Amino acid sequence: MIDITLKDGTVKSYEPGITVLEVAKDISPGLAKVTLAGELNGNLVDICQPISEDSTLNLLKFEDEGGKHAFWHTGSHLLAQAVKRLYPQALLAIGPAIDRGFYYDIDMDVIVTPEIMEKIEKEMAKIVKEGFVIERSEMSRSDALAKVTKEGEIYKEELIENLPEDAIISFYTQGEFSDLCAGPHISDLKSIKAIKLMSLAGAYWHGDEKNKMLQRIYGITFPKKSQLTDYLELLEEAKKRDHRKLGKELDLFSLHEEGPGFPFFHPKGMIIRNELENFWREEHQRRGYEEIRTPMMLNSELWKRSGHWDHYKENMYFTEIDDCEYAIKPMNCPGGMLIYKRKGHSYRDLPLRMGELGSVHRHELHGALHGLMRVRNFTQDDAHIFMTPDQIKEEVIKVIDLADDVYKIFGFTYRVELSTKPENSIGSDEDWETATDALRDALVTKGIDYRLNPGDGAFYGPKIDFHLEDSLGRTWQCGTIQLDFQMPELFDLNYIGSDGEKHRPAIIHRTILGSIERFFGILIEHFGGKFPVWLAPIQVIVIPVADVHHDFAQSVANELKEIGVRASCDYRDEKLGYRIRDAQMQKIPYMLVVGDKEAEGGDLALRMRDTGDTGLISLDDLKEKLIEKIKTKSLTLD
RNA sequence: GCUGAUGUGGCUCAAUUGGCAGAGCAGCUGAUUUGUAAUCAGCAGGUUAACGGUUCAAGUCCGUUCAUCAGCUCCA
């Protein structure tokens, strides 16, 4: 007998060879029905997987990440099967499950159109009705190769050839279709009750732009029809939060053909930007940062020295002044180096934290531009920390804490990544190792979960990145902490140590918000345009009932302006309902309706963005509430 | 840059097989003086992204360019 430890800690004894599904059945037939895959000793497995030794087992349903994964992975096989039926000459590349559904990369001459997608979708539904079960089989390397070669599946051939020597090569078969796959998969196509092919895109084989571009079809499937409806609704809701849409509706910013990737900020958008920057300055002053500003354009010689010329030239804009070549800065660091070098430094000055809200220009590919999230001109909330080697860990931790504090203010959750040495980099392997270890060490000390992102560091050093989510769940890098031993060498930076000798400082390059533009975009989507009071462009709008109340409305607004509240009056000759609707759509947090009653009685009728009419409040109480909400950067209105 | 899609007043969208570019909102003018999500009427607003082509006739068909959208690649 073997002992199987379940997720809740209970231990059950079974005959060796019992399958995951049989364990589920033993617990309850209902559970068996919804179990899609298993997590056996930490590995994802099929439900038909026999268990031969003492194990821990977690039964995975659609609600579990692993269950979804198996379900969607099978969705991708179903998609491939349908495509192969309709277009037998199509060659299959890869078809993984992703966070929301799955895709399959396919090489075929026929260009997939929306009509063809519909046809494929119908074929998928038909296949489901045919009721195939899915079977796993293992093959030797040579048999597997022979199989895919015979089928002419050149991409599969390459995949197999690249598998490690000791890899178990498995195929999953459903009806006439079988595909190379590590699994796990669900066991029965019939549990797929809803299918939707979502979109179409080109994707390079192996993600390398030198390779052929394949057609990638994205889709999603669900065990219940209602889940698809709910999902599509969720996407509709997310569209309403899109910062590009809200930016227009709330008149915050705009983009024009005359300057693709160069955003224009409108008066209301500037209020939010300025509030963000004020907040940023306060936080940084408190934590011992000084602020600097470096020029937008600098001589190309500087960029040659910094390594940008060799490693970043494709992303830079150039111009000429008096026959000399100049570059528009894509990063703030070289300018910061010059400021450090302007005078000698003692170890007593370190760590030296120099912040800069620096506007940088980068030539991003035309197809990569995306609202405020990816632009060609943005303001980094940059800072360079010059320090002695033994200050590194403490400084990295301080930046991590700063980022956490700042994100908390907005109620963001974030993901952390550690990126290591890229191919196109400068500096010795030893330096890279030291730097990477230092960052990892700081993360471990803070007990932060992070994802490793090999080869994705900056050209001068490894980095810790902070990723925030947009309304569709796409993540964007915002904060970053990059450790750099190279710039100090290239710029011959030094400080005088307690021994009276010259020493090399190390540098942290870091941002917290990342780019003000991107952060603003995330902020808009995060709040759905309903900004907390401290950020709202208009915090209070006073709406007089009729003309005779204009003076009173004005006096109320003035009193609020006195204490620094952004208050305005809506004097338009429109009905009350119209002006309230307008204020609601502008997502103004507080509305004050003033008429005869208020002018006589003193108390004011307050309406809040989310809760509607909330009754009367005295002007003094209102002032106190506003001051409190703004000062504490409260995320709520009442 | 690559793949696919899209581009019509400030915004949201109409316009049969190629056959007189239209509506709502916003704007302006006037009436209306309003009590918690749209008062009524009138006026104005367009070289249909740009350029070229086919045609008696192009918003519609073809080509080129630009921009936008979904991805790929890249990245804050």
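What you are looking at is a predicted structure, and each value in this text was computed from that prediction instead of being measured. In the text below, chain A, chain B and the rest are named by the order of the sequence lines, each starting its count at 1.
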Ignoring hydrogens and angles, does a donor from either the side chain of [X] or the base of [N] sit under 3.5 Å from an acceptor on the other?
X: A/Tyr204; N: B/G71; answer: no
X: A/Glu598; N: B/G35; answer: yes
X: A/Arg374; N: B/C75; answer: yes
X: A/Arg609; N: B/A37; answer: no

Can you measure [X] atom [atom1] to [N] atom [atom2] for me and round it to whole angstrom units?
X: A/Leu365; N: B/C66; atom1: CG; atom2: C1'; value: 17 Å
X: A/Ile217; N: B/G4; atom1: CD1; atom2: P; value: 13 Å
X: A/Arg376; N: B/A67; atom1: CZ; atom2: C1'; value: 11 Å

Pairing nucleotide - [N], Watson-Crick or G-U, each distance under 3.5 Å:
N: B/G42; value: B/C28
N: B/G4; value: B/C69
N: B/C56; value: B/G19
N: B/G9; value: none

So what does [X] touch, heavy atoms closer than 4.0 Å: a base, only the sugar-phosphate, or nothing?
X: A/Gly595; answer: base
X: A/Leu255; answer: nothing
X: A/Leu513; answer: nothing
X: A/Val375; answer: base

Phosphate-side-chain proximity, A/Tyr578 and B/A26, N/O vs OP1/OP2 below 4.0 Å = yes

N/O (side chain, A/Lys575) to phosphate O (OP1/OP2, B/A37) under 4.0 Å | no

Please indicate yes or no: is the ring centre of A/Phe378 less than 5.5 Å from the centre of the six-membered base ring of B/A76, with the two planes inclined by under 30 degrees?
-> yes

Cation-pi check, A/Arg415 to A/Phe466: give yes when NZ or CZ is under 6.0 Å from the six-membered ring centre and within 45° of the ring axis, no otherwise.
-> no

Pair A/Asp405 + A/Arg287: basic N to acidic O under 4.0 Å | yes

Step through the shown structure and confirm whether more than 12 heavy atoms of other residues, nucleotides or ligands are within 6.0 Å of CG on A/Asp99.
-> no

Other residues, nucleotides, ligands: >12 heavy atoms within 6.0 Å of A/Asp109 CG | no

Residue of the set A/Leu79, A/Leu214, A/Ile106, A/Asp105 for which side-chain contact (heavy atoms from CB on, under 4.5 Å) holds with A/Leu92 = A/Ile106

